[in-house]
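Notes follow once the structure below has been shown.
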Protein chains: 2
Amino acid sequence: MNLKQLSKQLSLSQTTVSRALNGYPEVREATRKRVADEAARLGYRPNAHARRLATGRSHAIGFVFPSDRSVMIDPLFSDFVAGAAEVYALQGFETLLHAGGHEDEMAVYRRFAEDGAVDGVVVQAPHVNDPRVALLNDLQIPYIVHGRLDSSENDYSWLDIDNGGAFQKATKLLTDLGHTRIALLNGPENLTYALHRRKGYEAALAERNLHAATPYMFSGVLTEENGYREAKRVLQLPNRPTALLISSMMMVSGAIRACNELGLAIGKQVSLIGHDDGLPFMNAEGLVPSLTTTTSSIRDAGSRVAELLLERIECPASPLAGELWNVDLIVRGSTGPAPR
Amino acid sequence: MNLKQLSKQLSLSQTTVSRALNGYPEVREATRKRVADEAARLGYRPNAHARRLATGRSHAIGFVFPSDRSVMIDPLFSDFVAGAAEVYALQGFETLLHAGGHEDEMAVYRRFAEDGAVDGVVVQAPHVNDPRVALLNDLQIPYIVHGRLDSSENDYSWLDIDNGGAFQKATKLLTDLGHTRIALLNGPENLTYALHRRKGYEAALAERNLHAATPYMFSGVLTEENGYREAKRVLQLPNRPTALLISSMMMVSGAIRACNELGLAIGKQVSLIGHDDGLPFMNAEGLVPSLTTTTSSIRDAGSRVAELLLERIECPASPLAGELWNVDLIVRGSTGPAPR
DNA sequence: AGAATTTCCCAAACCGCTTTGAGGACTGAA
DNA sequence: TTCAGTCCTCAAAGCGGTTTGGGAAATTCT
């Protein structure tokens, strides 16, 4: 059932039918109703490809993942994408995933721009002075960044959680409890989110005239194994830290394993704070002792980013969006006063 | 730069240029080369939407996730999709993700069929007598199932790992080691993969005239918390199992936590075998003791499924594919003789 | 009543590509 | 020289929508 058939059925022109269905004012309400009813009765659906060709809009949003596997591996990304995809689906947008392939990420954006494959893209895991935003500005593709760059330029839309504030709060909680040796098991610090976390951590230490010794810090991929290995390493240092600040639940899982193995009681001999992105398969509250966390749902962030991007696509002239989400510090059982 | 401009530039007709670029034989080699060079020089790329409209092929593969969040949460799915997406990208196919929205999964397939949004779909996490394959057969959309149904019908293409065999092997290893009380922490058994695993487990027990007592079994979502809770539960039964068979690494992680908490030495007082899908953030070998696993990369499965689907799309007439992958049992340190 | 609007609808052009059906320019054979 | 057979190229007709530029009928204004 296509437009031509439908309009013949109704003894109307294609124009009128098209306008009736798309809500244009040039058609009488009675006619519109008649068209809508008949369309529903016959189960007419406009062909998406034809519409795209005619309008130049694709009604699709693109996510591109680098061929380098280390990014897509992260379950964080899929939860984020899931949150976004749901919003897109509700708004009648498709979600396009581009992972790897021969082109590099920038080339994919170029192609997207050339053949109008997508109406917008979302940039994930930005790093300091990320070249992607310059390219996208150039290509005039609507986009939004999940996270922020760390440059002086501020010519892009973004949504970010307050990573710096969160880790500052978390660190402060620990220093208030008397901890002076606090380790940080962080994500890759070429990514801004991890960088901001470290800065927050250092800021809170500085308030107490403490400073972080390099051996207490780790920066790397957020795997269980890294969490285990590095927790074990720092906890075996001659002057071992009494608290660990950990950037992901996966790493926390490894760290708990390390503590158990070393026979260190969590919340007593060693305090743990983790960042919880709200992944559904790993619950901070269910741990024993329950885990003190900085908490922010990455899935919700995905949804909100989707909304912002759609708004941006609707009104490209609207001012750039910048949204910073507060992150709650939820104190549970894994933090306690520093042992003496 | 579109086809019309390019052909004008070359003083050729659109037909000839199109044919030259698409490898049709009706054009002289010299002409083809001239066209190709000019196209490359000017950076011409055919408009994807126009091509789709003209050919009726979308060069896209669809994944649809139910609005019910419990499926998409699973990091397994994203790893699978990542593996597939990479293949699609290499073959010039887009990957379409549809998560939630107002339509239910079946309605989305219907829409896909009506407006040719995708050239094929992949069905994940099939359950017994899954209605999706009947619908897809009806709609004539090329598709492939990751996993199998459990019905007598066999009219679909699939790729599956030998879940039954794997868990049978694993259970046999344990009975050979003298274990007689073996618990199974399984995925949701309305899904065939989990059902097959239970059947394999029961078959191996039956070989020794053992049978599984209900309290030793759990079926549910593969979360860390479920692993912890259920491991703890079974290990506190009056007649506690000496070995645990666990369906995912996330659950293993929880189970290890439970063992540590109960002071049970893994590989000595309690043996553990986990199924390892090769997720990059959770390494079985890195555990202490290293974990005995049944191992099969779900990412590789994603890639292979993608290949099979693309073949199917190329030649719809070709016979249905059915590919059963053997699963290796890798014996490491978490299994030992049954304590007496 | 006649002019000026407004309302409603239509034919046709267009989006950019593929593909059909046919024609012109060669070749080689008769 | 003529005719059939290749080889190469083209104009035009789709694909299925949207959008422009009118035009006829109905309404309002003088």
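Chain identifiers are assigned alphabetically (A, B, ...) following the order of the sequence lines, protein sequences preceding nucleic acid strands; residue numbering begins at 1 within each chain. All figures in this text were calculated on a predicted structure; none of them were measured in a lab. Side chains included, hydrogens not; waters and symmetry mates left out as well; all remaining heavy atoms used.
- Across all strands shown, B:S11 has heavy atoms under 4.0 Å from sugar-phosphate atoms exclusively, and none from any base.
- As a whole-Å value, the separation of B:L10 CG from D:dT9 C1' is 13 Å.
- In this structure, CG of A:L21 is placed 14 Å from C1' of D:dG16, rounded to the nearest angstrom.
- Between B:Y44 and C:dC17, a side-chain N or O to OP1/OP2 separation shorter than 4.0 Å is present.
- Here the P atom of nucleotide C:dG16 and the CZ atom of B:R57 are 23 Å apart, to the nearest Å.
- Distances shorter than 4.0 Å separate some side-chain N or O of B:R51 from OP1 or OP2 on C:dT18.
- Between the A:H146 side chain and the A:V122 main chain, no donor and acceptor come within less than 3.5 Å of each other.
- With D:dC10, C:dG16, C:dC9 as the candidates, the nucleotide lying closest to the side chain of B:T16 is D:dC10.
- The pair B:E114-B:R111 fails the salt-bridge criterion, with no side-chain N (NZ, NE, NH1 or NH2) lying under 4.0 Å from an Asp/Glu carboxylate O.
- In summary, the side chains of B:N2 and B:N47 do not present any donor paired with an acceptor at a separation below 3.5 Å, with no hydrogens or angles considered.
- When the side-chain nitrogen and oxygen atoms of A:Y24 are compared with OP1 and OP2 of D:dT19, one or more of them lie within a distance under 4.0 Å.
- For A:R28, whose side chain is taken as the heavy atoms from C-beta onward, the closest listed nucleotide among C:dC17, D:dT19, C:dC9 is C:dC9.
- Residue B:L3 has its side chain nearest to C:dT18 when only C:dC15, C:dT18, D:dC8 are considered.
- Nearest nucleotide to the side chain of B:E26, out of D:dG21, D:dT9, D:dG16: D:dT9.
- Taking only side-chain atoms of A:S13, from C-beta outward, the nucleotide of D:dG17, C:dA11, C:dC17 with the closest atom is C:dA11.
- For a distance-only test at 3.5 Å, the side chain of A:T15 qualifies as a donor-acceptor partner of the base of D:dT19.
- Closest to the side chain of B:N2, from the set D:dC10, C:dC17, D:dG17, is C:dC17.
- Note: NZ (A:K8) to P (C:dC9) measures 19 Å, nearest angstrom.
- Taking the six-membered ring wherever Trp is involved, the centroid distance between the rings of A:H98 and A:F63 does not fall below 6.0 Å.
- Summarising the geometry, the separation between CD on B:E29 and C1' on D:dT9 is reported as 15 Å, rounded to the nearest angstrom.
- For the pair B:P46 and A:L12, both in contact range of DNA chain C, the more 5′-proximal nearest nucleotide belongs to A:L12.
- Not one N or O on the side chain of A:S296 forms a donor-acceptor pair closer than 3.5 Å with the backbone of A:D277.
- Between A:T31 and C:dC9 there is a side-chain polar atom (N or O) within less than 4.0 angstrom of OP1 or OP2.
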message: Before you tell me yes or no, could you show the steps for A:K33 and A:D37 under salt bridge (Lys or Arg N to Asp or Glu O under 4.0 Å), namely the whole-Å CA-CA distance, both residues' side-chain angles and the distance that decides it to 0.1 Å?
response: CA-CA 6 Å; A:K33 173 124 179 38; A:D37 288 351; 2.7 Å; yes
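- Checking D:dT18, C:dC17, C:dC9 against every side-chain atom of A:Q14, the shortest atom distance belongs to D:dT18.
- Atom CG of B:D115 is separated from atom P of D:dG17 by 9 Å (rounded to the nearest Å).
- Straight-line distance from the NZ atom of A:K4 to the P atom of C:dA12: 13 Å, rounded to whole Å.
- Residue contacts shown for A:T55 are limited to sugar-phosphate atoms, with no base heavy atom under 4.0 Å away.
- Per the geometry, CG belonging to A:L53 stands 9 Å off C1' belonging to C:dC14, to the nearest Å.
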